[in-house]
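FYI, side chains are in, hydrogens and waters are out, and symmetry mates aren't considered; it's all heavy atoms of this structure. Order of listing sets the numbers, starting from 1, for every ligand and every atom in it.
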Amino acid sequence: MIDLRSDTVTKPDDAMREAARDAAVGDDVYGEDPTVNELQNRVADILDTGAALLVPSGTMGNQVAVRTHAERGVISPDRIAATADAAHELGVPVHLDGARLFNAAVAHDVSAADYAEHVTTVMCCLSKGLGAPVGSMLAGPEPIIEEARHHRKLFGGGMRQAGIVAAPGLAALSNRGRLAEDHRRADRLAAGLDRVDGLAVEPPETNIVLVTTDRPAEQVLGRWRDGGVRASQFGEHTIRCCTHWDVTDDDVDGAIDAIRNAS
Ligand SMILES: Cc1ncc(COP(=O)(O)O)c(C=O)c1O
């Protein structure tokens, strides 16, 4: 089965499993897990934000950021649509949901820090294209991240010997360099699928390929699945295919063939 549902379906590789086994751990709720601290420092360096906090998921990273900012300023509903610059001018903090921040940076040929510099806080996921089994990072200036640490505990996100989670996260950071491969494969997949009758595909920007179907997406997905390809329904006539490190060049070609035969 070639699984294109999401870049979250990846299995941790040997490097991650070994890193988890060998991780030095401590109680991270007390800030005493050396592996978590190393991961947080590393991400803060990469994004040049001053500090970062490991959270169990992207959803929690966003919630913790909103809770942290909500106590710092007034965000009225009619100002939510304002741009980041206008928000800063008003003294309103801006949070960036950067679940796939590193993919975006690769796609636009800029550093992840170039994104982080415009916002107050940024959340990025280790568990998507980077392949870690668990974890997302909330990064921002040190005093804000210190407050976020408190809110993470209030939301039930305080973990104990979290080095087990942080160690594969650190190993995952070294996968940033290979995201371009996923993007190249997504391009190849998109071009191949666009030639299949009944499907239309725009060239993707990153590792996510959106396929428009002439028949209901649910029906099309069923046929793909029978042919050995899994993907996600994204709309009534839209299917999402995601390339990731468990998808090889041969898988892309195999998926195109299987989908053509299933159409
Ligand atoms: C843009 C975006 N933000 C947040 C999330 C939530 O991340 P998690 O599944 O780690 O909670 C996702 C998940 O796919 C996402 O795509």
Side-chain angles (χ1 to χ4, degrees), residues 3-12 16 20 28 36 39-40 43 47 49 52-70 80-81 84 93-108 110 112 114-116 118-140 145 148-149 151-159 162 164-173 175-176 179 182-183 186 204-211 217 221 230-235 238-247:
D3 197 343
L4 303 173
R5 284 173 301 168
S6 175
D7 48 10
T8 57
V9 300
T10 52
K11 312 279 190 308
M16 289 184 190
D28 178 52
V36 173
L39 172 65
Q40 291 175 162
V43 171
L47 300 180
T49 52
L53 184 72
L54 173 68
V55 286
S57 69
T59 304
M60 177 164 283
N62 290 335
Q63 295 298 328
V64 167
V66 168
R67 169 69 198 264
T68 302
H69 295 321
I80 287 175
V94 177
H95 173 66
L96 172 64
D97 178 342
R100 294 181 176 82
L101 179 71
F102 296 111
N103 293 86
V106 166
H108 290 278
V110 296
D114 287 337
Y115 279 96
H118 298 293
V119 294
T120 318
T121 50
V122 54
M123 183 282 290
C124 57
C125 293
L126 303 169
S127 59
K128 302 203 162 64
L130 298 183
V134 187
S136 298
M137 304 299 298
L138 177 63
I145 294 302
R149 169 179 289 279
H151 292 140
R152 179 184 66 176
K153 182 73 173 76
L154 289 186
F155 286 152
M159 297 170 283
I164 294 286
V165 171
L170 273 167
L173 284 177
N175 291 331
R176 283 174 291 148
L179 292 175
D182 292 342
H183 297 189
E205 286 186 292
T206 59
N207 64 327
I208 294 177
V209 179
L210 293 180
V211 182
L221 275 171
R230 300 185 77 184
S232 297
Q233 183 165 354
F234 212 65
T238 313
I239 289 172
R240 185 183 81 163
C241 299
C242 230
T243 54
H244 49 75
W245 76 352
D246 286 339
V247 175

Across all chains, not counting sequence neighbours, the side-chain hydrogen bond (donor to acceptor under 3.5 Å, both in side chains) partners of Thr49 are none
The side-chain hydrogen bond (donor to acceptor under 3.5 Å, both in side chains) partners of Arg5 (sequence neighbours excluded) come to Asp3
Less than 3.5 Å apart, N/O on ligand 1 and N/O on the protein: could you list those pairs with the distances?
unit_1   : atom_1 : unit_2 : atom_2 : d
ligand 1 : 3 (N)  : Asp97  : OD1    : 3.0
ligand 1 : 3 (N)  : Asp97  : OD2    : 2.7
ligand 1 : 7 (O)  : Lys128 : NZ     : 3.1
ligand 1 : 10 (O) : Gly58  : N      : 2.8
ligand 1 : 10 (O) : Lys128 : NZ     : 3.4
ligand 1 : 11 (O) : Gly58  : N      : 3.3
ligand 1 : 11 (O) : Thr59  : N      : 3.0
ligand 1 : 11 (O) : Thr59  : OG1    : 2.6
ligand 1 : 16 (O) : Arg100 : NH1    : 3.0

Quick one: sort the His108 and Tyr115 rings into parallel, tilted or perpendicular, breaks at 30° and 60°.
perpendicular
Across all chains, not counting sequence neighbours, the side-chain hydrogen bond (donor to acceptor under 3.5 Å, both in side chains) partners of Arg100 are Asp7
Is the backbone of His244 close enough, under 3.5 Å, to the side chain of Asn207 for a donor and an acceptor to pair up by distance? no
Discussion item. Closer than 3.5 angstrom, by distance alone: can the side chain of Thr120 be matched with the main-chain N or O of Val94 as a donor-acceptor pair?
Written reply: yes
